[in-house]
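Residues: numbered from 1 along the sequence shown.
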Amino acid sequence: MMRGRTDEVQKRRLITSLCLVGIVVCFVFVYYGSFFGSRVQRGTSTLRRLGSPYLGGNEDADSKQNESSTALVQEDGNIDIALKSFPVCDDRHSELIPCLDRHLIYQLRLKLDLSLMEHYERHCPPAERRYNCLIPPPPGYKVPIKWPRSRDEVWKANIPHTHLASEKSDQNWMVVRGEKIVFPGGGTHFHYGADKYIASLANMLNFSNNNINNEGRVRTVLDVGCGVASFGAYLLSSDVIAMSLAPNDVHQNQIQFALERGIPAYLGVLGTKRLPYPSRSFELAHCSRCRIDWLQRDGLLLLELDRLLRPGGYFAYSSPEAYAQDEEDLRIWKEMSALVERMCWKIAAKQNQTVIWVKPLTNDCYMEREPRTQPPLCRSDDDPDAVWGVPMEACITPYSEQSHMSRGSGLAPWPARLIAPPPRLADFGYSSEAFEKDTDVWSRRVETYWNLLSQKMKPDSLRNLMDMKTNMGSFAAALKEKDVWVMNVVPEDGANTLKLIYDRGLIGTVHSWCEAFSTYPRTYDLLHAWTVLSDIDTKGCSVEDLLLEMDRLLRPTGFIIIRDKRPLVESIKKYLPALRWEAVATADGESDSDQDEDEVVFVIQKTLWLTNDNLRDSE
């Protein structure tokens, strides 16, 4: 009898508990469904559940802390979300490059042709597989060594990969010495130093004083298969800037080392898509044992270099084929010589293990070739400056009529070309007066920026800078007297003014900020975001994704300068605690046109947050 009563009481309690749980679940579902379905202020994307596992991993492993948020009811009745924290990604994502992630390729089972290097090209994760957490620094991370010391040494803890030191020990790429990795300046072809090798190239070309800049005529260089970018590092002392390019391959950290050293570099590959640079961007292309088969696919990769070289530009090629006498190397040399001859290249110099070809100044040679000569000229409707996701074509890009008539690029020597109106201004309908005004406006703006930064910025703390949305490169031009370099980014869907930037002797790339950038985490000291938020808002892409990507790109203690509409800037401020960023200064943007009357400047600093006890600051 007693047992029956007890069972009945327990049954009632169980039913009551289930009802209460059901009510709570319904309340949570209704409340939070509405909460997260509401728009972030002025945003167009729904806030995803924070801490969702990236790449389908375990949530507890991928997320070290739970999200926290506060709901603020606005006067118009909308709910604003004041975030308090983003979760921290698992340590295995400390070097994550979302659009160059091999794990993603495997998981999505993409069918890629490995022989064409498609697996080294960009493949971005779909929205449901994007990470939604802060990338942690590796254990023991230190504030990077300042330039110019960083050219020769970096902290081992910041890039804890030493396999290249042993693998390339006979070539002087890098040497491990205690807590540091040292770069003696060697390379696969120039064991005894890039400086001596660069001087030998200048000597081969009879440049005055063996200076590779040729009195300012050589300024922009493309170094393909750059290793740890010592070639580009030693060009800088000659006032020559290189875009050091390499894929995320078996030497996967080479570009990471280059950027940690403070050397301009970019993750990319000669695969199936055009490199993200416009035609006629470089005075010199360089390949030192870069292990590229230039004969494949009817010379497609060599024709891509041809597209990128200016009239009269050089290709310096140091490889066994240039000097070896075995049967296979002789065959390659014979076929390559025949190919470049049909491309109208001529040998400018050949010495020991290096050959330097020169590209013609005009279209005359192309017009004089026999009919049906291969490779053909590109179609007249082909845009040689369209590069975002555009496949390479096995054809020769002829010069424009203006370039053909001027018998060259028409550029002033460096540094005069930085402020001289570029000849290709006319392609966009810009006048010289508009160019000069743009240069003047950004000179004043940069001066304002530096005044705002001065209260927090230590001397010589900036080296790698990125202008996330540039027009004519005037932000970078205004920094000429600073010991910095700027990666100029031109939007993929606007006027492709990147060729004006290269014509000014600067470097950059094309990109869409709806996707992650092709670089490692913690590689830039300062990000300049001029109306980037407005663009993301207009395109319907995720503001949260953009902010997390900016955090990924930025070094600890680095700075962000946001210049945008006031409401957008205000909406970003609520993310600062979540991102572990600190506000440095706010100022009204001076009005230079009708479009920027409501612009405001907001300066932010990323904090150096710790993941273990041995993380410490270091000068």
From [atom1] ([X]) to [atom2] ([Y]), nearest 0.5 Å:
{"X": "E95", "Y": "N248", "atom1": "CD", "atom2": "CG", "value": "9.5 Å"}
{"X": "I501", "Y": "N471", "atom1": "CD1", "atom2": "CG", "value": "7.5 Å"}
{"X": "Y277", "Y": "T220", "atom1": "OH", "atom2": "OG1", "value": "12.0 Å"}
{"X": "M550", "Y": "I562", "atom1": "CE", "atom2": "CD1", "value": "5.0 Å"}
{"X": "I181", "Y": "D152", "atom1": "CD1", "atom2": "CG", "value": "13.5 Å"}
{"X": "C99", "Y": "L267", "atom1": "SG", "atom2": "CG", "value": "11.5 Å"}

Give a yes or no on whether I419 atom CD1 has more than 12 heavy-atom contacts from other residues, nucleotides or ligands under 6.0 Å away.
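Count not over threshold, so no.
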Counting only heavy atoms from other residues, nucleotides and ligands, does the tally under 6.0 Å from CG of N451 exceed 12?
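Yes - once you tally the heavy atoms of other residues, nucleotides and ligands closer than 6.0 Å, there are more than 12.
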Is the backbone N or O of [Y] less than 3.5 Å from a side-chain atom of [X], with the two atoms forming a donor-acceptor pair by type?
{"X": "R552", "Y": "T519", "answer": "yes"}
{"X": "D467", "Y": "N488", "answer": "no"}
{"X": "T497", "Y": "M472", "answer": "no"}
{"X": "K574", "Y": "S571", "answer": "yes"}
{"X": "E549", "Y": "A516", "answer": "no"}
{"X": "T538", "Y": "S534", "answer": "yes"}
{"X": "N464", "Y": "T523", "answer": "yes"}

Taking the side chain as everything from C-beta on, heavy atoms only, tell me whether [X] gets closer than 4.5 Å to [Y].
{"X": "Q605", "Y": "T557", "answer": "yes"}
{"X": "W609", "Y": "P137", "answer": "yes"}
{"X": "D438", "Y": "F475", "answer": "no"}
{"X": "D460", "Y": "D483", "answer": "no"}
{"X": "H123", "Y": "L110", "answer": "yes"}
{"X": "F602", "Y": "L576", "answer": "yes"}
{"X": "V154", "Y": "K142", "answer": "no"}
{"X": "C133", "Y": "F86", "answer": "no"}

Cation-pi, [Y] ring and [X] (6.0 angstrom, 45 degrees):
{"X": "K606", "Y": "W581", "result": "no"}
{"X": "R555", "Y": "Y141", "result": "no"}
{"X": "R417", "Y": "W414", "result": "no"}

For a quick test of reading the model, state the closest non-hydrogen atom pair linking [X] to [Y] and the distance between them.
{"X": "R151", "Y": "A233", "result": "CG-CB, 3.8 Å"}
{"X": "P136", "Y": "D91", "result": "CG-OD1, 3.9 Å"}
{"X": "R463", "Y": "D525", "result": "N-OD2, 2.9 Å"}
{"X": "I255", "Y": "S244", "result": "CD1-O, 3.8 Å"}
{"X": "I145", "Y": "S150", "result": "O-CB, 3.3 Å"}
{"X": "R130", "Y": "C514", "result": "NH2-O, 3.8 Å"}

Less than 4.0 Å between a side-chain N and a carboxylate O, is that true for [Y] and [X]?
{"X": "K156", "Y": "E179", "answer": "no"}
{"X": "K539", "Y": "E492", "answer": "yes"}
{"X": "K565", "Y": "D598", "answer": "no"}
{"X": "E447", "Y": "R444", "answer": "no"}

Sort and list the pairs that fulfil ring pair (Phe, Tyr, Trp, His ring centres under 6.0 Å) and have at least one residue in residues 446-467, not counting sequence neighbours.
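Only Y449-H528 qualify under ring pair (Phe, Tyr, Trp, His ring centres under 6.0 Å).
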Mind checking ring-ring contact (aromatic ring centres under 6.0 Å, His included) for W485 and listing every partner two or more places apart, or none if nothing turns up?
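W485 satisfies ring-ring contact (aromatic ring centres under 6.0 Å, His included) with Y524 only.
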Using the ring-ring contact (aromatic ring centres under 6.0 Å, His included) criterion, which residues pair with F559? Sequence neighbours excluded.
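ring-ring contact (aromatic ring centres under 6.0 Å, His included) list for F559, sorted by chain: empty.
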Using the test salt bridge (charged side-chain N to carboxylate O under 4.0 Å, His left out), find all partners of K273 that sit at least two apart in sequence or belong to another chain.
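Salt bridge (charged side-chain N to carboxylate O under 4.0 Å, His left out) check on K273 returns nothing, list empty.
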Do [X] and [Y] pair up side chain to side chain, a donor and an acceptor below 3.5 Å, judged on atom types alone?
{"X": "R219", "Y": "S238", "answer": "no"}
{"X": "E544", "Y": "N132", "answer": "no"}
{"X": "K469", "Y": "T531", "answer": "yes"}
{"X": "R504", "Y": "S474", "answer": "yes"}
{"X": "H161", "Y": "Q256", "answer": "no"}

Relative to each other, are the rings of F517 and W513 parallel, tilted or perpendicular (30° and 60° limits)?
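Parallel, since the angle between the ring planes stays under 30°.
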Intermediate values then yes/no, side chain to side chain contact (heavy atoms under 4.5 Å, CB included), L546 and M468
CA-CA 11 Å; L546 174 63; M468 296 177 67; 4.1 Å; yes
Determine, using ring centers only, whether Y234 and Y197 are less than 6.0 Å apart.
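No, the ring of Y197 stays outside the 6.0 Å limit from the ring of Y234, centre to centre.
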Apply side chain to side chain contact (heavy atoms under 4.5 Å, CB included) to V221 and I241, showing your working.
CA-CA 6 Å; V221 170; I241 189 166; over 6 Å; no
Output, in order, the C-alpha distance, side-chain angles, deciding distance and verdict of side chain to side chain contact (heavy atoms under 4.5 Å, CB included) for L96 and D101.
CA-CA 7 Å; L96 179 69; D101 185 1; 3.6 Å; yes
For side chain to side chain donor-acceptor pair (under 3.5 Å), just list the numbers for R566 and T586, CA-CA rounded to whole Å, side-chain angles, deciding distance to a tenth of an Å, and then say yes or no.
CA-CA 11 Å; R566 187 178 301 275; T586 306; over 6 Å; no
Side-chain donor-acceptor contacts of residues 222-231 below 3.5 Å, not counting sequence neighbours, with atom names and distances?
from	atom 1	to	atom 2	distance (Å)
D223	OD1	H286	ND1	2.8
S230	OG	R261	NH1	3.1

For residues 511-522, which residue pairs qualify under salt bridge (charged side-chain N to carboxylate O under 4.0 Å, His left out), counting only residues two or more places apart or in two chains?
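Passing the test, one end in residues 511-522: R122-E515.
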Run I135 and L548 through side chain to side chain contact (heavy atoms under 4.5 Å, CB included) and show every step you take.
CA-CA 9 Å; I135 303 293; L548 285 166; over 6 Å; no
